[in-house]
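Every number for a ligand or one of its atoms is a count from 1 in the order of the listing. Values in this document were obtained by computation on a predicted structure and should not be read as measured data.
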Amino acid sequence: MPHIIDGKAISAQIKEELKEKVTRLKEEGVRICLAVIQVGNDPASSVYVGNKKKACAYIGIESLAYELPEETTQEELLALIGELNGKAEVNGILVQLPLPAHIDEDAVIRAIDPKKDVDGFHPQSVGALCIGQPGFVSCTPAGIIQLLKRSGIEIAGKECVVIGRSNIVGKPMALLLLRENGTVTVTHSKTRNLKEVTRRADILIAAVGRPKMITRDYVKEGAVVIDVGIHRNENNKLCGDVDYEDVAPVCSAITPVPGGVGPMTIAMLMNNCVEAGSKR
Ligand code: GUN
């Protein structure tokens, strides 16, 4: 049976490390503060925002919560971001996505000061990642790199195949694997002979957004399989993009859903906040 990559345990370990760092920073008089903005009350977003606030409290990061009504205008949201950009005591600004349809998400992301862009979504952060300069990195792909490294899985020289090309996961994932000297292929809905391509992977990252799409015929024997998806099946049970029961017996390591990639996103967000605060 494969090694099951325990994202919950690795995320807990990272959070402990950060907690110690934050305690030391406090002793030096440095406080860290994250502003979290939610517009409207999408139930999934409320759960994510709640978890982010809880993680902040655990690590010792202050959090400022802005819960704005659905009718908030783009101008009002941009004005709040402008105000937070100007506040020296705020190190990180996070606007929970998705935003209501009348607000231009790109304009909102662009308004965040890149020095406070703890989500790593600002074009300047993405550009810096692309050309190997310092900047914040999108939390889910950064968390996947930590999962691999802390599980002793080497990336350099490996065939890495990413399924999915979103701005938040697929594209930054490819750039990070490349930075670690992987040989990277990005596949998407127009890729021909997808199974042929994915079967070349030593490390396969599934970020497709379709429940249990990746069955064992997409996977080479002995591959490492990372599942970014999270869905509820017909019985209200959580499942990923990977058909875990089918794939686990043929791979060397795999992330479960839940308890794999999911917990890493918040750990890396906390890491970005600590980085933002220590650089101040
Ligand atoms: N919505 C879903 N995932 C994320 C995330 O990582 N950051 C933000 N800001 N919104 C999200």
Is [X] touching ligand 1 with its side chain, its backbone, both, or neither, if touching means heavy atoms under 4.0 Å apart?
X     : answer
Val95 : backbone
Leu97 : both
Lys52 : side chain
Tyr48 : neither

Is the NZ or CZ atom of Lys19 positioned over Tyr58's six-membered ring, under 6.0 angstrom from the centre and within 45° of the axis?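 Because its charged atom sits under 6.0 Å from the ring centre and within 45° of the axis, Lys19 does stack over Tyr58.
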
If you count every heavy atom of other residues, nucleotides or ligands that lies below 6.0 Å from Tyr48 atom OH, does the total exceed 12?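 It does not: Tyr48 OH has 12 such atoms or fewer within range.
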
Around Arg179, counting heavy atoms of other residues, nucleotides and ligands shown, do more than 12 lie under 6.0 Å from its CZ?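 Counting other residues, nucleotides and ligands, CZ of Arg179 stays at 12 neighbours or fewer.
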
Lys/Arg-Asp/Glu bridge criterion (N-O < 4.0 Å) met for Arg31, Glu89: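 Salt bridge flag = no for Glu89 with Arg31.
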
Any idea which protein heavy atom is nearest atom 11 (C) of ligand 1, and the distance to it?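 The closest heavy atom on the protein side is Gln96 NE2, 3.3 Å.
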
Provide, to 0.1 Å, the distance between atom 6 (O) of ligand 1 and the closest protein heavy atom, together with that atom's residue and name.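 Minimum-distance protein heavy atom for atom 6 (O) of ligand 1 reads Asp119 OD1, 3.8 Å.
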
Can you find an N/O atom of Thr265 closer than 3.5 Å to an N/O atom of ligand 1?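 Between Thr265 and ligand 1 (N or O atoms, distance only) the closest approach is not under 3.5 Å.
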
Look only at the side chain of His122 and the backbone of Arg110, and say whether a donor-acceptor pair between them is shorter than 3.5 Å.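 Yes: the side chain of His122 pairs with the backbone of Arg110.
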
Validation row: Val242, Met213 side chains within 4.5 angstrom (heavy atoms):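 They are not in side-chain contact.
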
